[in-house]
Structure formats: C-alpha cells, structure tokens
Chemist: 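My questions will all concern the structure given below.
Order of the sequence lines fixes the chain letters, A, B, ..., with proteins taken first and strands second; residue numbering starts at 1 for each chain.
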4 protein chains.
Amino acid sequence: MKNTTPTPDPRIERSNRSVLNATRELLAEGRDVGSLTIEAVAARSGVAKTTIYRRWRDKWELALDAVMIDMLPHYYADPPDVGDTRKELLTFIDSVVGALSMAPYGPAMQALVSEIATHPELSRVYREQVVEPRRAQLAAVIARGIARGDLRADTDVQTLHEFLLGPVFYRMLLSGSPLDRKLSARLVDGILQGFAPRPGTAASRRRLRR
Amino acid sequence: MKNTTPTPDPRIERSNRSVLNATRELLAEGRDVGSLTIEAVAARSGVAKTTIYRRWRDKWELALDAVMIDMLPHYYADPPDVGDTRKELLTFIDSVVGALSMAPYGPAMQALVSEIATHPELSRVYREQVVEPRRAQLAAVIARGIARGDLRADTDVQTLHEFLLGPVFYRMLLSGSPLDRKLSARLVDGILQGFAPRPGTAASRRRLRR
Amino acid sequence: MKNTTPTPDPRIERSNRSVLNATRELLAEGRDVGSLTIEAVAARSGVAKTTIYRRWRDKWELALDAVMIDMLPHYYADPPDVGDTRKELLTFIDSVVGALSMAPYGPAMQALVSEIATHPELSRVYREQVVEPRRAQLAAVIARGIARGDLRADTDVQTLHEFLLGPVFYRMLLSGSPLDRKLSARLVDGILQGFAPRPGTAASRRRLRR
Amino acid sequence: MKNTTPTPDPRIERSNRSVLNATRELLAEGRDVGSLTIEAVAARSGVAKTTIYRRWRDKWELALDAVMIDMLPHYYADPPDVGDTRKELLTFIDSVVGALSMAPYGPAMQALVSEIATHPELSRVYREQVVEPRRAQLAAVIARGIARGDLRADTDVQTLHEFLLGPVFYRMLLSGSPLDRKLSARLVDGILQGFAPRPGTAASRRRLRR
DNA sequence: GACTAAGCGAGACGGTACGTCGCGTCTTAAA
DNA sequence: TTTAAGACGCGACGTACCGTCTCGCTTAGTC
C-alpha cells in the first residue's frame, strides 16, 4: 500500500531553515533597514535566490516570517493565573517589551513596521499571527481581573490592548524614550487606575470585601 | 542706505518649493513606500536630481521635510483655553488623528516611521520638530486641567502624552483598526478616569465645590 | 552520446552581438568622441547597462572590441605572393589605409587612440590583436622581398613597419592631409628607395641578373 | 592726447597665467585623460569657472593652449646651419622626441590627440601653431641639404616631414616601443638613404666633388 | 577723488552619463 | 522535479563635471 501522506522532500525543510536562520542573522547584524537583501540571504544561506522567491513574495514577508519565530515563545504560553491582576498584566506587557528590546526582533520590527502598515497582505499576517494571539492572552487576564473585582465589568479588551501596547510601540518607533521595566509598571498602574471599579459600585464592594 | 540683508539667489527658494510640492504630490498619490523616488521628484518638479541631493541627504529627509510642512498648522497654534479639560484634550488628540488621517500626511508617516525609528538623525529631527511641540501643547492643557481640579496634581506630561498618542499610532501602523473620533473620545475618557483626582483628596474636594 | 560541450546560455551570445552591433552603429554615426556612451549602447541594443558592464570594463574596451571585428578581414589573410615586392607592399599598406578610411573604423580609431596610448591594458590588447598580426604579415612580405633582391638583406621589420604605418596615422590624426592611394604609393616608393640594395653589393648583382 | 592702446586690465593677464599654470600642473600629475577637469583647474588656480569658460571653449582648447607654451622653445629657434645635414636633421627630430618624452607635454599629447583628430577647430589650431612651424624649420634644413648635395633636388618637404614625425607619434601612441635617441638616428639614416641623390646624377656628382 | 562699469569669485542651477546595487525573472545542468 | 548557479532586463541610486546663470565685491580707468 502506498504512503497516503507522502514524505515531503527533506530538502525543502532544510533550505527553509537555512533561509530563515540566515535572515535572522542578517537582521541581527544589520545596521538599518536596507541591510537585509534577498541576495545576501541567498549568499549567506547557500540557497538559490530562485528558491527563496518560490516561498516568499518579497523580503518583507521573509523578514516577518523569520522574526515571528523568535516571538512565538513570548506568547505561546498564556500568562498563568497567579491570583494578582497587576502581576499578570505586568507579565503580559513585559513579554512584549522584552521581545521588542531583543535583537533581532526589535530592530526588525522597527524596519518592518512601515511595510506592515503599508501592505495589506503583510498587515493581515501580522494581525493574525501576532496581534490576535496577544489580544486573546490579554482577554484571559482581563477576564480574571474582572472576576477578582480589580477591573470594571465593562472593561474593553480592545481598549486596554491599545492602551498597553500603543505607548510601547510609540516609544520604540518615535518618541525616543527607552523601553524598560519602568514603562511597563507605569502603564499597568495607569491602566489599573483608569479601569478600576469606582467606589460604591458592586464591583468595588466585592473587591473591598476580600 | 545699504541693503543689509543681501538678496539670496531667487532660484534657491523657487526650486526648494518645487521639490517640496512635488514630493507631497507623489506622497499623496503613492500606493506604497517605494513610490517616492528622487528621480520621480526631480522629474515632477523640474528640478535637477543634483540640486535635490544638494539639500537633502536622502529621500527620507526630503519626505519628512515635505510632510512636516503639512503638519505645522496642526500644532502651530496652541489649543485655546476653553475652560473644559475634556474638550481641550479632545481638540489636542483630534488634531493628531486628523493629520494622520489626511493624505499625504498619514500614508507618509506610515512609510516614514521605519526610517525615523532606524536613523538617529531623522529621529532627532522628528522629535525636535514634531514630538516636542506637541508635548509642549499638551503640557499647557494639562496645567490648566490640574488648576481646574480635573487632573491630579502629579499628572505626568510624558505619561499622558504616551497614553494619548501611543494608541493612535498603534492603530495607524499595526492593529488595523480605523482612526476616528470614537478613538479620540475613548482615549480622553480613559485618561480622565485614570488621572482624575481620587475622591477624598484635596483636589477632588476643590473640584466638587464648583 | 552526450553533449560534451555544454550549451551555454544562448542569451549571452545574443546580447553580446547586439551590443557590439549597436556600438559599431553609434561609432559610425557619432560626430565625435563622446557620442559613444554606454547608456546609448544599452538603449540602442536593448541590452541592460549592467550586462554591458559585466563584460567590458568601460566604453573604450567595448569600442576597441567592436571595432577590431571590422578590422579582422583586413589582416586575416596574408597578402599573397604575387612575385612583385612593390605590389605586395602596396597591398599591405593599402589595407591599412583602406581600413582607416572606413566608417566606423577610422573615426573610432581617432577616438580610441588617446585611450590606447593612455591605458596600459588597452594598449596591450591593441598591440597583441592589431599591431602584431600586421607586423607578422609585413615580415612575410619583407622576407620575400629580400629573397627577390628587392630589399637589403638586413632590412629590419620593425623599422619598415614604423616607416610605413607612422605617416599613415600621423595624417589621420594630426597633419590633416587626406588618406589616399597617393600616400600609399609615396610611402612604398620611399621605402624601396631607402631599403633597396646598394649597387655593387651581392644583392644588387643578383637583382640585376634577372 | 588719448591713449590709443588702452592698458588692458592687469587682472586678465594674471588669471590667465594662473589658469595655464594650474592646467599644466594637473596635466603633469594626472594619471589619465579625464583627470583634467575645468573644476579642478578652477580650484587649483583660484580662478572662477566662469572666467575660464570666458576664455576657452572647453578643456581641450585649454589643454592645447597650456601645453603649446611648453613646446614653444623647442621650435622657436630654427636649427642652426652647422654644415652637416645629418646633424641638422637629428637636431630637428630630437627636439620633437625630446618634447614628447617630457611631462606634461608627452602625456598631454597622448590625451589630446583624439580630440585634435576629431575636432576641426582644435585641428586647425594644432596645424597652424605646431605642424606648420615645424614644417618651416624642416624646409630650411632640407633646402640646405639639397644645396649641399646631401638630398635630391626634388626632395619633398611634406613627405620627409611625414616620414620623420609619423614613426615618432606612432610609437608614442600605439606601437608601445620607447621614444629614444636610437629612434631619431634610425629615422634620419633611413631618410638619408632614401633621399640621397642616386649615383650618376648631377646632384651626386656635385656631392662627390666635395 | 568719487563714480561707474568691467571683470571677477563664488557657487547654485539644469543636465548627461557614470558605474553600482538589488530586484525579480529566466535558463541551464546536476542531483 | 527541485535545486544551485548565475545571466538577464530593469529601475533607481548617489556622484562627477559639464556649461550656464545670477549675484555682490573689487578694482580699474574716466570724469
């Protein structure tokens, strides 16, 4: 009987890995945006340009692909329930700040962001692969925070998500201030202040009772 | 009496204007990042490529220059004191949202952000010419807000600035959500909640008295 | 049986020919030196500039290459032994005069000569590909001339070569006199006078006996 | 009474000299043709580009002008009558060989020859200023040679001129052989052989009688 | 001895071509 | 069939000089 799921050509997997590794190396070394070129990736990886173009439309898709692999561990496991909303929010936002402070992820995102903003296809991939998983994780944290009475019942995930991540990216891209833990703390505290239940509401009473 | 300010070569001013106009036109038309080329600017403006390179190091400096002119009116006049902190914050953030929703400013910023993030020189210019003026305007609004008792006395300009602008840029660049007035309102309300004086403090009492 | 000489990419040969043809056309049309530009060759030939630069270091190598092809038939076949030294010398020098009177060869040589004189690499190629073959042909003619007793036994090829070609190039380049058959005849007659055996020598006696 | 020949502005003479000197310096230094640029001449001489263009149509006119000054002493004084035709011819041709072996004259001529050959205007100047004076000098030598019986009465100046100078330029430009005194000697001896009166003619008898 | 206009330096301008880089496509030969 | 190797057409890059132009300043030579 024939193999129903035919073994894929092992060369495919091998060249794939070579290309992504070379890409990450070049991104980590590269002083700026343009230092990542398909030609350089081909030379570094020993994979023919043709083969690379067969699998990625352009250098930006490739870069996004290569770089998202680095991100995976950062949101693959949901932040665990530690019984403390502040801590969980910190864990969440720290993982983002940490990733963006790391080479090659940080510099690569700086270089990629214009492409993502500009090209719908890249934008779609980024949202599906990066934004959505993060939102889902944050949603879980928020749900627990509401249950604990640390957050108002009507707290909106989308809003919180933007309040938390927006400033991080703004710093990384434009404002020039450093990305650090103090930022995370300030963000979380700001958020908790803003979205804490008002005194006198059911939620706040529930909270005080503890 | 002698001419104290010697007439500069009028061609300088003329070519300058032509180049910046052509740049803005191309940015407004351009489907994506790369559609702005020095060659195209030269062709469109009737100014020689060499002349362009004489004044701008590369296309990004040129684009930033061209585009900042569009921005000027948006922060040239400080938001007036209308006696209502919420309204003033809305005015402030709406001017940013408005600018970023406009062609060529919005698309141009999408294209420029990677370059700004990557090149220290561009970054410096952007901070000095755009970030700082905005911060100064916001500082004035905040000062009045504190005086009115709408904001806590220890409200930090930098923090508020990042809370307000971060989400706006995050949307424009990555999250894919639309830039609109609802966003402005949500941001301002979130901020006011988070930074309103706590009940029972001096500031809150002062506020209630009114 | 397998193809022992692997098929080269046919585009190579095709683009090569296109470029050389375009070069010759432009040289033939060109009013002056500078009218041959790589850009024009690229445009005319439909071959990309990069491809041209891949194969020729600069326009002068290209021009020399293109132009030497025209020259080949002029010295490819040795002047035949017709039993008459004067006629053979005339045939020899006429082929040179003829080539230099022809477009694009003549104008091209006028334009090239400074480059050849200046760049060792071009100079080497010119000597190997043009000067040497001609000298070899002249050597054969001279050998026969000596055998016939028309030229002194110690007649030096190098000297004769310079006496014959020098004035031709001098006219073409500097003196402004026309290149024509009268020149050829005068050169050959001068040479024969100068290099004929002196009366009373063995050679002259041999000559008279016939 | 009015000054009929008004004193010319002395600045004209001064800038003229500066430009020509700078040109000669650059020609002497320059590795190749293109290293002489009007911009470099302007920079070196401290004279404005405008002023240079006011006086010379292009760099080749300038170069020819600059370089011909070096040549002047070489043909300013006619070769004196020393009573020996061979010596006088040697003196004549040595002065040419000497000039062409000298920087900047030699390299400059190598670079200029294509321009002279190509541009009628330059050609005219070269012929009038260089070729003609030399021909006149040679004519005097030849006349004395004929009078002495060393040359046939029908010796043609033009022919001799080309026989003598052609090989010199051919070497300098194309054949790659060195320019030296041996060449001069060989040329003169070849010429004297070729143009000596035939035995038995009136001229030869006159010659023998001495 | 002041005045005017010619000649000048400085340097920006529009332009042509340069020679290079990287793109994304295409062709061949080997695995 | 898929790959590595690498040539190709292409578009833009950023540079070098070209030859032209505008602009005050300097400096003669004239009134």
Side-chain angles (χ1 to χ4, degrees), chain A residues 9-12 14-15 34-43 45-54 56-59, chain B residues 2-3 6-16 18 34 36-43 45-59, chain C residues 2-3 6-16 34 36-43 45-59, chain D residues 2-3 6-12 14-15 34 36-43 45-59:
Chain A
D9 194 326
R11 290 175 299 174
I12 294 178
R14 196 162 52 77
S15 63
S35 56
L36 183 73
T37 66
I38 296 282
E39 304 233 300
V41 172
S45 64
V47 167
K49 259 198 314 175
T50 335
T51 305
I52 299 175
Y53 279 111
R54 233 172 256 131
W56 293 274
R57 190 189 307 273
D58 58 35
K59 68 160 98 171
Chain B
K2 241 193 159 180
N3 201 348
T7 318
D9 196 323
R11 293 175 298 174
I12 295 177
E13 174 51 19
R14 195 164 53 75
S15 63
N16 227 310
S18 302
L36 183 73
T37 63
I38 297 284
E39 300 238 301
V41 173
S45 64
V47 167
K49 230 175 11 153
T50 18
T51 301
I52 300 176
Y53 279 111
R54 248 172 238 131
R55 287 216 259 284
W56 294 275
R57 190 188 307 273
D58 56 36
K59 66 162 92 174
Chain C
K2 241 191 159 184
N3 201 347
T7 319
D9 195 324
R11 291 174 299 174
I12 294 177
E13 174 53 18
R14 195 164 53 74
S15 64
N16 228 310
L36 182 72
T37 64
I38 297 282
E39 300 237 300
V41 173
S45 64
V47 168
K49 231 176 7 154
T50 19
T51 301
I52 299 175
Y53 279 111
R54 249 171 236 132
R55 286 214 259 285
W56 293 276
R57 191 187 306 274
D58 57 37
K59 67 161 92 172
Chain D
K2 236 193 163 181
N3 201 348
T7 317
D9 194 324
R11 289 175 297 174
I12 295 179
R14 194 163 53 76
S15 63
L36 183 73
T37 65
I38 296 283
E39 304 234 300
V41 172
S45 65
V47 168
K49 257 197 320 174
T50 334
T51 305
I52 299 175
Y53 279 110
R54 238 172 249 133
R55 290 215 255 285
W56 293 276
R57 191 189 305 273
D58 56 35
K59 68 161 97 172

Chemist: Pull out every protein N or O sitting under 3.5 Å from an N or O of nucleotides 7-9 of chain F, one pair per line with the distance.
Modeler:
residue: dC8(F); atom: OP1; partner: Ser15(C); partner atom: OG; Å: 3.2
residue: dC8(F); atom: OP1; partner: Arg55(C); partner atom: NH1; Å: 3.1
residue: dC8(F); atom: OP1; partner: Arg55(C); partner atom: NH2; Å: 3.0
residue: dC8(F); atom: OP2; partner: Arg55(C); partner atom: NH1; Å: 3.3
residue: dG9(F); atom: OP2; partner: Ala48(C); partner atom: N; Å: 3.2
residue: dG9(F); atom: OP2; partner: Thr51(C); partner atom: OG1; Å: 2.9

Chemist: Over how many whole Å does the gap from Tyr53(C) atom OH to dT20(E) atom P extend?
Modeler: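 Between P of dT20(E) and OH of Tyr53(C): 7 Å.
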Chemist: Taking all non-hydrogen atoms of both residues into account, name the closest pair between Ile12(B) and Ser15(B) and its distance.
Modeler: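 Looks like O-OG, 3.1 Å.
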Chemist: What donor-acceptor contacts under 3.5 angstrom involve side-chain atoms of residues 45-52 of chain D, with partners at least two apart or in another chain?
Modeler:
residue: Ser45(D); atom: OG; partner: Val41(D); partner atom: O; Å: 2.7
residue: Ser45(D); atom: OG; partner: Ala42(D); partner atom: O; Å: 3.4
residue: Ser45(D); atom: OG; partner: Val47(D); partner atom: N; Å: 3.2
residue: Lys49(D); atom: NZ; partner: Glu39(D); partner atom: OE2; Å: 2.7
residue: Thr51(D); atom: OG1; partner: Arg54(D); partner atom: NH1; Å: 3.3

Chemist: Could you give the distance from OG (Ser18(B)) to CD (Glu13(B)), rounded to the nearest 0.5 Å?
Modeler: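 Going from OG on Ser18(B) over to CD on Glu13(B), the span is 9.5 Å.
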Chemist: Need to verify one output field. Residue with the more 5' nearest nucleotide on DNA chain F, Ala40(B) or Arg57(D)?
Modeler: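 Whichever sits nearer the 5' end wins; that is Ala40(B).
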Chemist: If you take all heavy atoms of Arg55(C) and Asn16(C), which pair is closest and at what distance?
Modeler: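 For Arg55(C) and Asn16(C), the tightest heavy-atom pair comes out as NE-ND2, 3.2 Å.
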Chemist: Would you kindly give the CH2-to-C1' distance between Trp56(B) and dA12(E), to the nearest whole Å?
Modeler: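 Checked: the CH2 to C1' distance equals 13 Å.
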Chemist: Take the protein atom NZ of Lys59(C) and the nucleotide atom C1' of dC18(E), then report the distance between them rounded to whole Å.
Modeler: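 It is 9 Å, rounded to the nearest whole Å.
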Chemist: Assuming nearest nucleotide by heavy-atom distance, tell me which of Asp58(A) and Ile38(C) is located more 5' along DNA chain E.
Modeler: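 This one resolves to Ile38(C).
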Chemist: Taking atom C1' of dC21(E) as reference, at what distance in whole Å does atom CG of Leu36(A) sit?
Modeler: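 So the CG-C1' distance, Leu36(A) to dC21(E), works out to 15 Å.
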